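See below for the structure under consideration.
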Amino acid sequence: MSDMNKKFITDSGIEIQRTYEPKDRATEEPGKFPFTRGVHESMYRSRLWTMRQYAGFSTAEESNKRYHYLLSQGVNGLSVAFDLPTQIGYDSDHALSEGEVGKVGVAIDSIEDMKLLFKGIKLEDISTSMTINSTAYILLAFYVALAKQQGADLKRISGTIQNDILKEYAARGTYIYPPKPSMKIITDIFEYCNNEVPKWNTISISGYHIREAGSTAVQELAFTLANGKAYCEAAIAKGLDINQFGQRLSFFFNAHNNFFEEVAKFRAARRMWAKITHSLGATDSRAQMLRFHTQTGGSTLTAQQPNNNIVRVSLQALSAVLGGTQSLHTNGFDEALSLPTEQAAKLALRTQQIVGFESGVTDMVDPLAGSYFVEELTDQIEAAAWSYITHIDKLGGAVAAVEQRYIQDEIAKSSYEYQLKVERGEKVIVGVNKFTESKHNDTPVFKIDDSIRIQQSEKLAKLRVSRNSDVTKEKINTIRLAAIENKNIMPSVIDAVENYCTLGEIADTLRSVYGEYQG
């Protein structure tokens, strides 16, 4: 029986229709332009979202153990967190890496670390998301090189690199190069993947970190879509076809506690992106669809009464599902204290599974459609977001808005205003400024040993002794020439990592050509 004809019923035996239409107003169809009600006609009636738990810490060996555990518990997509040195292009033995190796993610210095990270995992069989931006081109090269070593068909490799540098300048700070060469690297990745790794999502345009930095929901939506528009315009200027590269773009949004606002935000995002891509020349519906991953709000988690976070995460996850997400990560309740423990990670995954398999909310497409409140809120959020985008366009687009610090200043103002409301008690945070307790918090925390840097440095020393230094120098020089001559750098970077050049060496090579952004 097809998904369209299959019967879905409640626990009481009441049949649930695929959609419900208000009789007094015209409505859009799910799976049809402008996709307000979802990008797929049957949504979760056909398949649930990808349950993609974000994990990475310490060494590649330790993270690999957590990945195998998550896969055994029902995760169907991996999401890799990298440590700060990896994110900003320094090897673990660099002086600036001290105190940070393996702390907020896994340390990856070379192809050897990548092998250990995915030991026992066939890359053809999973979808992998990598939260990496300024060094995304290097981590993608590691992944492609490892896939080739595994004998995988690159045409079948699937996953996502975040690769969204504009939000780094605006909200997060792990940038290396100035905006214009960074945009050039991103379009190089678009071009390479379009030809060689066609199932790979080349960018995850991220509102998540914009929201974590203190933006409102409307600002998160507006600034994210403005960045997406800038990436499309850069790719078009490079001669790429939006109907092709547009199909491999994805988005990454935050889910906060204001339940209906979050649902409406996701619905408005799809509608706005469809209009933006159409205006840029996209005629293929697959290039007009906004597909997105959601992560529950890290900044909403509290160190006080951390068990309260279980409820927050559940509500946020439900808003993402009712908003039509394609992929979801649920935070551990202890993440305001440390990296999540194994117990917290399992409970976070179980939260998704209970929503997906027990709640019944997946039986109907866009179940809140037709709600006078939700429809009106969707319209209002869209109108407010367009106002921001129009102003950004007047400034010259997202790159110019970042260079003029407009986006950064708007986020900072919103963050400050929100904090004032919390401190005045106008915004209630349960357990923080209301319903507080004085008892000591004894929640177990997950700690990373500082000896990780020593282990990584020893591995790097052995690698440098065992490799052919003449070949290494040759491969590094090839990258430098490709950058100077404005060629696509991806083939030379992949060649370099296959010959054991390290992440820091490659990042430094482009530092010598492009310089560093001082902000």
Side-chain angles (χ1 to χ4, degrees), residues 54-68 78 80-121 130-146 149 161 173-177 338-339 445-477 479-480 493-512 516:
Y54 185 50
F57 56 89
S58 184
T59 62
E61 296 95 326
E62 289 301 312
S63 290
N64 177 262
K65 292 176 186 176
R66 177 66 66 88
Y67 295 156
H68 279 285
L78 296 177
V80 184
F82 298 96
D83 73 355
L84 191 57
T86 303
Q87 292 181 49
I88 56 177
Y90 293 115
D91 288 333
S92 295
D93 58 357
H94 193 283
L96 291 177
S97 298
E98 187 170 355
E100 295 293 344
V101 176
K103 290 294 179 69
V104 298
V106 62
I108 299 294
D109 294 315
S110 73
I111 182 85
E112 293 298 296
D113 287 326
M114 205 65 154
K115 287 180 191 175
L116 292 170
L117 187 65
F118 291 100
K119 185 178 180 181
I121 300 171
M130 295 189 283
T131 304
I132 195 74
N133 295 284
S134 57
T135 54
Y137 67 102
I138 306 174
L139 272 300
L140 176 61
F142 284 148
Y143 198 86
V144 168
L146 178 59
Q149 288 187 7
I161 41 173
T174 65
Y175 46 75
I176 302 175
Y177 317 112
S338 69
L339 291 172
V445 297
F446 186 69
K447 294 183 178 179
I448 301 297
D449 196 308
D450 284 327
S451 66
I452 299 303
R453 183 169 187 254
I454 297 172
Q455 295 178 40
Q456 286 296 114
S457 298
E458 288 173 351
K459 284 197 289 185
L460 278 165
K462 289 178 182 177
L463 177 75
R464 292 184 180 120
V465 169
S466 64
R467 68 187 184 181
N468 187 318
S469 59
D470 291 335
V471 171
T472 302
K473 291 175 184 175
E474 176 192 335
K475 301 304 179 184
I476 288 294
N477 191 52
I479 296 172
R480 181 181 293 107
V493 173
I494 292 170
D495 191 26
V497 303
E498 288 178 323
N499 285 279
Y500 303 101
C501 294
T502 69
L503 174 134
E505 290 165 346
I506 295 168
D508 281 347
T509 301
L510 293 194
R511 281 187 178 95
S512 71
E516 289 188 89

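Predicted model only: the values in this text are computed from it and were never measured. No hydrogens, no waters, no symmetry mates; every other heavy atom, side chains included, goes into these values.
Gln87 approaches Ile132 most closely through the heavy-atom pair CA-CD1, 3.7 Å. Minimum interatomic distance between Ala141 and Val497 (heavy atoms only, all atoms of both residues): O-CG2, 3.7 Å. When every heavy atom of Thr86 is checked against every heavy atom of Ala107, the shortest pair comes out as OG1-CA, 3.8 Å. Nearest heavy-atom pair across Ser97 and Ser92 is CB-O, 3.5 Å.
Within the 4.5 Å cutoff, side-chain heavy atoms of Met130 are placed close to those of Ile161. Side-chain atoms of Ile476 and Ile506, non-hydrogen and from C-beta on, do get closer than 4.5 Å to each other. Within the 4.5 Å cutoff, no side-chain heavy atoms of Glu100 are placed close to those of Ile88. The side-chain heavy atoms of Ser451 and Gln455, taken from C-beta on, include a pair separated by under 4.5 Å. The closest side-chain heavy-atom distance from Leu503 to Ile108 is not below 4.5 Å. Side chains of Arg511 and Tyr177 form a contact here, defined as non-hydrogen atoms less than 4.5 Å apart. Contact annotation: the side chain of Glu498 never approaches that of Ile111 to less than 4.5 Å [non-hydrogen atoms, C-beta and beyond]. Within the 4.5 Å cutoff, the side chain of Tyr500 has heavy atoms near those of the Glu112 side chain.
The aromatic rings of Phe118 and Tyr67 lie parallel to each other, with less than 30° between the two planes, well short of the 60° mark.
The OG atom of Ser110 sits 12.5 Å away from the CG atom of Asn499 when rounded to the nearest 0.5 Å. Here the OG atom belonging to Ser134 is positioned 11.0 Å from the CG atom belonging to Leu510, to the nearest 0.5 angstrom. With rounding to the nearest 0.5 Å, the separation of CG in Asp93 from CD1 in Ile454 is 12.5 Å. To the nearest 0.5 Å, the span separating NZ on Lys473 from CZ on Arg480 amounts to 11.5 Å. Rounding to the nearest 0.5 Å places CG of Asp109 at 4.0 Å from CG of Leu460. Taken to the nearest 0.5 Å, the OG1 atom of Thr135 stands 7.5 Å off from the CZ atom of Phe82.
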Q: Would you please test Glu61 and Thr59 for side-chain hydrogen bond (donor to acceptor under 3.5 Å, both in side chains) and show each step?
A: CA-CA 5 Å; Glu61 296 95 326; Thr59 62; 3.2 Å; yes
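The pair Arg464-Glu505 counts as a salt bridge, with a side-chain nitrogen and a carboxylate oxygen less than 4.0 angstrom apart. Between Lys459 and Asp113 there is a salt bridge, since a side-chain N of the basic residue sits under 4.0 Å from a carboxylate O of the acidic one.
Panel note: side chain Tyr90, backbone Ala507; no donor-acceptor pair is recorded below 3.5 Å. Put simply, the side chain of Asn64 gets close to the backbone of Leu117: a donor and an acceptor are under 3.5 Å apart. The main-chain N or O of Lys119 is found under 3.5 Å from a side-chain atom of His68 such that the two form a donor-acceptor pair. Using modelled atom types, no side-chain atom of Ser63 and backbone atom of Ser58 make a donor-acceptor pair closer than 3.5 Å.
If you check the side chains of Asn133 and Thr174, you find no donor sitting under 3.5 Å from an acceptor.
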